[in-house]
Amino acid sequence: MTDSIKTPTPWDEQGELEVLTFDLAGETFALEAVLVQEIVDLLPETAVPGATPMVGSVVNFRGKIIPLADLRLAFGMPAAPKDREATVDSRIVVIELDLDGEALLVGLRTDRVHEVTTLCRRSSEEPPMLGMRWRRDFVRELVRREESVVLLPDLPAIFRSPDAPGRPSDPHLTLVP
């Protein structure tokens with residue numbers, strides 16, 4: 001994927017973006033607050049045979065079967081701990097993602113959800129060409145905050161990528177609509 005088709009960050013007229021921040025393996029990530037449908041405790045998972053490790057199971061969310069994604073794998077981190085090893089802070093963030101014009105509910109495993117906050121465009125930067133441990137095409141922007149950096153992932157790029165970690169050659173096996 002090239003940077004020219006990177007998903008644009010929807011900064012408002014004041015150059016601000018309301019986000020939900022959360023942790024994955026000690027790193028802070030953020031996604032647009034408008035995507036968030038609900039934050040729930042971990043739910044019982046059902047493995048999907050033949051699915052990718054990144055989206056290898058589904059959960060029952062309010063009577064709907066939705067895919068559960070482990071974004072750690074897209075960023076080269078170890079997989080999330082199994083349910084019995086998860087911490088009391090582990091949560092699922094249920095988002096509604098527009099993927100190729102289709103609204104899709106997806107659960108994202110997190111280690112800890114922090115807060116809804118506002119990020120400023122003037123504190124953001126494109127991911128550097130060198131020196132990042134993450135795939136540049138999976139990162140929309142990096143935002144400086146006090147003593148840390150918040151990563152804004154490019155979720156559509158991650159879920160569309162033909163070479164995402166563990167993605168099968170059949171794109172229909174990646175997400176269950």
Side-chain angles (χ1 to χ4, degrees), residues 1 5-10 12 17-25 27-75 77 79-83 86-117 119 134-135 137-141 150-177:
M1 175 172 287
I5 54 176
K6 186 175 286 212
T7 307
T9 303
D12 67 15
L17 180 65
E18 190 173 38
V19 297
L20 174 72
T21 58
F22 60 93
D23 283 350
L24 292 176
E27 302 290 341
T28 303
F29 288 73
L31 51 91
E32 298 94 317
V34 298
L35 297 177
V36 178
Q37 300 297 302
E38 195 165 337
I39 300 166
V40 297
D41 291 335
L42 295 181
L43 298 169
E45 299 175 33
T46 301
V48 177
T52 70
M54 190 176 77
V55 189
S57 60
V58 294
V59 293
N60 183 345
F61 172 70
R62 305 215 178 277
K64 289 187 174 196
I65 303 301
I66 66 169
L68 182 61
D70 187 355
L71 290 181
R72 291 166 166 251
L73 298 176
F75 289 96
M77 301 171 176
K82 301 292 181 206
D83 289 339
T87 71
V88 295
D89 294 324
S90 298
R91 298 287 183 271
I92 295 172
V93 177
V94 179
I95 62 169
E96 185 172 311
L97 183 64
D98 183 325
L99 204 57
D100 298 326
E102 183 177 337
L104 180 68
L105 284 178
V106 179
L108 303 176
R109 288 175 152 278
T110 67
D111 297 335
R112 179 185 195 131
V113 173
H114 290 287
E115 63 183 344
V116 172
T117 189
L119 299 179
W134 309 298
R135 284 185 50 171
D137 57 329
F138 287 175
V139 180
R140 284 192 292 174
E141 299 192 45
V150 176
L151 185 145
L152 286 168
D154 190 338
L155 296 176
I158 292 168
F159 290 121
R160 279 192 209 108
S161 177
D163 59 347
R167 182 169 173 151
S169 58
D170 181 353
H172 300 290
L173 293 178
T174 303
L175 289 177
V176 179

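In this text the structure is predicted, and so the values were computed from the model without any measurement.
- Rounding to the nearest 0.5 angstrom, the gap separating the CG atom in Leu68 from the CG atom in Leu43 is 8.0 Å.
- Of all heavy-atom pairs between Ser57 and Glu45, the closest is OG-OE1, 2.9 Å.
- Rounded to the nearest 0.5 angstrom, Met54 CE and Asp70 CG are separated by 9.0 Å.
- Across all non-hydrogen atoms, the minimal contact from Val55 to Ala69 is CG2-CB, 4.1 Å.
- With sequence neighbours excluded, the residues forming a side chain to side chain contact (heavy atoms under 4.5 Å, CB included) with Thr21 are Val19, Thr28, Ala30, His114, Glu115, Thr117, Arg145, listed by chain and number.
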Query raised in the report: Given Leu151 and Phe75, is the side-chain contact (heavy atoms from CB on, under 4.5 Å) satisfied, shown in steps?
Result: CA-CA 11 Å; Leu151 185 145; Phe75 289 96; 3.9 Å; yes
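- One finds no salt bridge joining Asp137 and Lys6 here, because no Lys/Arg side-chain nitrogen approaches an Asp/Glu carboxylate oxygen to under 4.0 Å.
- To the nearest 0.5 angstrom, Asp154 atom CG is 11.0 Å from Phe159 atom CZ.
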Requested in this report: Test side-chain contact (heavy atoms from CB on, under 4.5 Å) on Leu71 and Thr110 and set out the steps.
Outcome: CA-CA 8 Å; Leu71 290 181; Thr110 67; over 6 Å; no
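- Note that the CZ atom of Arg109 and the OG atom of Ser90 stand 7.5 Å from one another [nearest 0.5 Å].
- Checking each of Thr46, Val40, Ile66 against Val59 for a side chain to side chain contact (heavy atoms under 4.5 Å, CB included) leaves exactly one that passes, namely Ile66.
- Smallest separation of non-hydrogen atoms from Val113 and Phe22: CA-CB, 4.1 Å.
- In terms of heavy atoms, Ala51 sits closest to Gly56 at CB-CA, 4.0 Å.
- With hydrogens and angles ignored, the 3.5 Å screen pairs no side-chain donor or acceptor of Asp23 with any backbone N or O of Asp111.
- Residues Ala25 and Met77 approach most closely at CB-SD, 3.6 Å, considering heavy atoms.
- Applying side chain to side chain contact (heavy atoms under 4.5 Å, CB included) to Leu105 and the options Val94, Leu97, Ile95 leaves one that passes, Val94.
- If you take CG on Leu31 and CG on Leu17, they are separated by 9.5 Å, rounding to the nearest 0.5 Å.
- Take Val34 and apply the side chain to side chain contact (heavy atoms under 4.5 Å, CB included) test, not counting sequence neighbours, and it matches Glu32.
- Taking CZ of Arg160 as the start and CD1 of Ile158 as the end, the distance is 11.5 Å to the nearest 0.5 Å.
- Contact check for Leu119 versus Leu152: side-chain heavy atoms found under the 4.5 Å cut-off.
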Query raised in the report: Where do Leu42 and Ile92 land on the side-chain contact (heavy atoms from CB on, under 4.5 Å) test, with the steps shown first?
Result: CA-CA 6 Å; Leu42 295 181; Ile92 295 172; 3.8 Å; yes
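- Between the side chain of Arg140 and the backbone N or O of Pro153, at least one donor-acceptor pair lies under 3.5 Å.
- Evaluation of the side chain to side chain contact (heavy atoms under 4.5 Å, CB included) rule for Asn60 yields Ile65 as partners, not counting sequence neighbours.
- Among all heavy-atom pairs drawn from Glu96 and Ala103, the shortest one is OE2-CB, 3.4 Å.
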